[in-house]
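Note that the structure is a prediction, hence the values are computed from the model and not measured.
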Amino acid sequence: MNSCCFTGHRHIPPEAVVALKIDLDVALRSLIAKGVYNFYCGGALGFDTLAAQAVLQLKKTFPFLQLHFILPCKSQTDFWSDADRQVYSYLLSHADSVQCLYEEYNKNCMYERNRELVKSADVCVCYLKERSGGTAFTLALAAKRNLKIIPLGLNEEEKALFESSFLSPQVLLEDFEFDIP
């Protein structure tokens, strides 16, 4: 086990950000202690950005860490704010590698990015609050591929639902509310 991918929602409630950053730091330090040095990120707003920032911060202490981006398309940031684009540019400029799957957005590029993230990893650190969408798809895929899944930011009730939904050996991608391309 030496690689980790991230998946999570783009929108994080402001009151949850500080606790999520702390949980992320604890989880990453634990993974580093277990020999995980390669971290794969999809470059989206929200949790992906927090995760990439956390890895870069930890690289100051653990310079052997590697941050890799697998991006869906070059036009991913077209509708982002200038501030978000600046953060994105900074993160990419400090990455160890950047792979971009497509020049332009297409209906499957996000799903393909998520598949590549899962294929690249042994562990998936996630922030999931909804049973539908890209994050749920990515986690279902990670569960099917037997990745170790580390959920962050969940209360006790959410943890129980998460475990029954994603950590069951009988996870079916068709059980989740999204179109599988």
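By the 4.0 Å N-to-carboxylate-O rule, Asp84 lies too far from Arg10 to be salt-bridged with it. Taking the charged nitrogens against the carboxylate oxygens, Arg29 and Asp25 do have a contact shorter than 4.0 Å, which makes a salt bridge.
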Test side-chain contact (heavy atoms from CB on, under 4.5 Å) on Asn114 and Leu141; report intermediate values, then the result. CA-CA 9 Å; Asn114 295 342; Leu141 199 59; 5.6 Å; no
Which is it for Glu112 and Arg115 under the salt bridge (Lys or Arg N to Asp or Glu O under 4.0 Å) test, yes or no, and what are the steps along the way? CA-CA 5 Å; Glu112 289 187 36; Arg115 283 188 179 103; 5.7 Å; no
May I have the step-by-step check of side-chain contact (heavy atoms from CB on, under 4.5 Å) for Cys109 and Asn106, ending in yes or no? CA-CA 6 Å; Cys109 69; Asn106 68 67; 3.9 Å; yes
Full working for side-chain contact (heavy atoms from CB on, under 4.5 Å) between Tyr105 and Met110: CA-CA 8 Å; Tyr105 175 84; Met110 299 296 182; 4.1 Å; yes
Determine, step by step, whether Asp96 and Lys59 satisfy the salt bridge (Lys or Arg N to Asp or Glu O under 4.0 Å) criterion, reporting the C-alpha distance in whole Å, the side-chain angles of both residues, the deciding distance to 0.1 Å, and the verdict. CA-CA 11 Å; Asp96 294 286; Lys59 278 185 80 153; 2.7 Å; yes
Output, in order, the C-alpha distance, side-chain angles, deciding distance and verdict of side chain to side chain donor-acceptor pair (under 3.5 Å) for Asn38 and Ser3. CA-CA 5 Å; Asn38 291 291; Ser3 60; over 6 Å; no
Apply the test side-chain contact (heavy atoms from CB on, under 4.5 Å) to residues Lys148 and Asp122: give CA-CA distance (whole Å), side-chain angles for both, the deciding distance (0.1 Å), then the verdict. CA-CA 7 Å; Lys148 177 178 175 52; Asp122 304 302; over 6 Å; no
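Residues Tyr127 and Leu20 are in side-chain contact: their nearest non-hydrogen atoms beyond the backbone lie under 4.5 Å apart. At least one side-chain heavy atom of Thr7 sits less than 4.5 Å from a side-chain heavy atom of Leu139. Side-chain contact between Thr135 and Thr138 is absent, with no heavy-atom pair separated by less than 4.5 Å. Leu28 has its side chain within reach of Val55: a pair of non-hydrogen atoms, C-beta onward, lies under 4.5 Å apart. Counting heavy atoms from C-beta outward, Leu91 and Phe69 have side chains that approach closer than 4.5 Å. Taking 4.5 Å as the limit, every side-chain heavy atom of Val123 sits out of range of all side-chain heavy atoms of Lys34. Side chains of Ser81 and Arg85 form no contact here, defined as non-hydrogen atoms less than 4.5 Å apart. Looking at Glu104 and Ser75, their side chains come closer than 4.5 Å, going by heavy atoms from C-beta outward.
Counting only distance, with no hydrogens or angles, the side chain of Gln76 and the backbone of Leu71 share no donor-acceptor pair below 3.5 Å. Although no hydrogens or angles enter the test, the distance criterion places no donor-acceptor pair under 3.5 Å between the side chain of Asn2 and the main chain of Val36.
Using bins of under 30°, 30° to 60° and over 60° for the plane-to-plane angle, the ring pair His94/Tyr90 lands in the tilted bin.
The CZ atom of Arg113 lies 6.0 Å from the CG atom of Asp48; values are rounded to the nearest 0.5 Å. Atom CZ of Phe6 and atom OH of Tyr40 lie 11.5 Å apart (nearest 0.5 Å). Atom CG of residue Leu147 and atom SG of residue Cys124 lie 6.5 Å apart, to the nearest 0.5 angstrom. For the atom pair CG of Leu152 and CD1 of Ile22, the computed distance is 12.0 Å after rounding to the nearest 0.5 Å. Atom SG of Cys4 and atom OH of Tyr37 lie 14.0 Å apart (nearest 0.5 Å). Distance check: Gln99 CD to Glu116 CD gives 6.0 Å after rounding to the nearest 0.5 Å.
The minimum heavy-atom distance between Thr49 and Ala44, with the atom names listed, is OG1-O, 2.9 Å. Nearest heavy-atom pair across Gly153 and Asp23 is N-OD2, 3.7 Å. Pairing each heavy atom of Leu101 with each of Pro72, the nearest pair is CB-O, 3.7 Å. The minimum heavy-atom distance between Gly46 and Ile12, with the atom names listed, is C-CD1, 3.8 Å. In terms of heavy-atom proximity, Ala136 sits nearest to Leu128 at N-CD1, 3.8 Å.
Under the 4.5 Å side-chain contact rule for hydrophobic residues, Val17 and Tyr88 share a cluster. Hydrophobic clustering of Ile, Leu, Val, Met, Phe, Trp and Tyr side chains at less than 4.5 Å, counting indirect connections, keeps Ile149 apart from Leu117. When hydrophobic clusters are built by joining Ile, Leu, Val, Met, Phe, Trp and Tyr residues whose side-chain heavy atoms come closer than 4.5 Å, directly or via intermediates, Val26 is not grouped with Ile32.
Atom CZ of Phe64 has more than 12 neighbouring heavy atoms from other residues, nucleotides or ligands inside a 6.0 Å radius. In Glu103, the CD atom is not crowded: 12 or fewer heavy atoms of neighbouring residues, nucleotides or ligands sit closer than 6.0 Å.
Taking the centre of each ring, Tyr111 and Phe137 come in below the 6.0 Å mark. Outside the 6.0 Å centre-distance limit, the rings of Phe47 and His9 are not counted as a close aromatic pair.
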